[in-house]
Amino acid sequence: MDQTPCQGLERRTKIDIVFEKVVEHIDAEIKECPNCKATAKGHFPEDMPGSLQYGNGLKAFAIHLIISQMVALNRVQKQISAMIGTVISEATLLKFVWRLYQSLEEWETKSIESILHAPSIHVDETSFRVEGKNHWIHVYSSGGITLKLLHRKRGKEAIVDLNIIPRYGGVIIHDCWASYLSYDHCGHGLCGSHLLRELTFIVDSNQYKWAINMKKLLQETCHIVSKREDKCLTDKEYANLQKRYRNILTRGDKELPEIPPKPKGKRGKIAKSDAHNLWERLKKYETAVLLFARESYVPFTNNRAERDLRMAKVKQKISGCFRRRHYAHAYCRISSYLQTMASQGINPLVAIQMALTGKLTDMGE
């Protein structure tokens with residue numbers, strides 16, 4: 001039927017992986033000058049400074065397993081040995097990680113500068129065991145950039161040392177942590193998801209009507225804002241939102257039981273219920289709670305920062321802790337870079353090779 005016209009095509013596709021070990025030998029000639037009898041030797045490529053080198057493809061694969069997939073070092077050794085027939089020592093694998101960490105120093109500096117110019121950033125922190133002691137990973141996220149930085153402390157001391165929020169002039173989205181609120185030179189947006197969870201607890205525990213109405217108001221406003229193209233309310237709508245918000249808190253003040261006076265001779269703060277504490281927080285930080293409805297660049301929740309920190313907790317559950325602090329810093333920087341590249345749709349193996357070969361010329365690559 002060679003001469004018969006084709007009426008259509010049916011295609012079938014097969015995808016496979018070829019496991020092939022590539023070995024490249026470079027020989028440098030050694031010669032002796034016939035005149036001065038001096039010995040001269042040819043030059044090797046810059047990426048082959050020693051007698052045996054591992055290529056960037058192999059390094060990227062090993063780093064991807066260690067950092068992204070959180071595979072233990074001895075299992076990475078077995079995986080690579082099965083592929084190339086050579087066992088790579090743990091020290092060599094860690095050198096791969098350390099080299100990438102050093103290569104990303106300039107990228108981290110540029111990322112910090114980009115974060116400082118963002119209109120809003122997500123911030124959060126989580127505990128992390130390093131050298132048998134409790135440390136904290138602080139995350140700063142905005143747009144397609146994720147930055148995770150390690151510090152021994154959680155609060156004001158860490159914020160000052162990391163020196164991002166003290167230099168930032170936009171809006172920080174957080175969960176009402178007092179250390180963040182102490183910086184009044186920048187705007188604040190409180191995480192709506194945290195507030196809704198607390199309101200749900202108050203409703204389940206006490207069935208307060210003010211808590212039911214406040215939860216409903218925040219959910220309705222979030223739904224309206226998310227459907228808008230400009231992601232915010234009009235001035236008239238926002239004024240009406242403020243009025244309803246304050247009316248709910250006014251009725252809540254009457255609904256809540258009175259706080260018992262502190263007994264004479266007793267020191268310390270008066271014990272308040274969770275409902276009282278939440279009511280006072282909603283009243284004091286009204287602007288921060290409702291900012292998502294007024295500014296289009298302020299999101300309703302801080303879920304972005306929590307997602308960025310989630311894999312660090314998984315890493316800790318798998319590894320237990322980091323035995324050396326400098327490798328914990330390396331994990332934070334490399335995982336930040338890979339999460340940032342993933343948000344731009346770049347394959348992690350390609351991203352690692354780009355960094356190892358020094359091809360990171362711009363923030364947006």
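Keep in mind that the numbers below use all heavy atoms, side chains included, and drop hydrogens, waters and symmetry copies.
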(Q) So, taking the atom named CD1 in Ile334 and the one named OG in Ser103, what distance separates them when rounded to the nearest 0.5 Å? (A) 9.0 Å

Q) Looking at the rings of Phe128 and Phe322, which for Trp means the six-membered one, are their centres under 6.0 Å apart? A) yes

(Q) If you take the centroid of each ring, where Trp contributes its six-membered ring, are His135 and His151 closer together than 6.0 Å? (A) no

Q: Please confirm whether Arg333 makes a cation-pi placement over Trp107, using NZ or CZ under 6.0 Å from the six-membered ring centre and within 45° of the ring normal.
A: no

Q. How about Arg294: does its CZ atom have over 12 heavy atoms from other parts shown lying under 6.0 Å from it?
A. no

Q | Residues forming a ring-ring contact (aromatic ring centres under 6.0 Å, His included) with His326, sequence neighbours excluded | A | Trp98

Q) Counting only N and O atoms by type, is there a donor-acceptor contact under 3.5 Å from the side chain of His185 to the main-chain atoms of Ile165? A) yes

(Q) Side chains of Ser182 and Ser179: any donor to acceptor distance under 3.5 Å? (A) no

Q. Hey, does the side chain of Ser343 reach the backbone of Gly144 with a donor-acceptor pair shorter than 3.5 angstrom?
A. yes

Q. For the side-chain contact (heavy atoms from CB on, under 4.5 Å) test, which of Ile63, Asn56, Ile67 pairs with Ile352?
A. Ile63

Q) Are Ser296 and Asp230 close enough that a side-chain donor and a side-chain acceptor fall under 3.5 Å? A) no

Q. Do Lys156's NZ or CZ and the ring of Tyr183 fall within the cation-pi criteria of under 6.0 Å and 45°?
A. yes

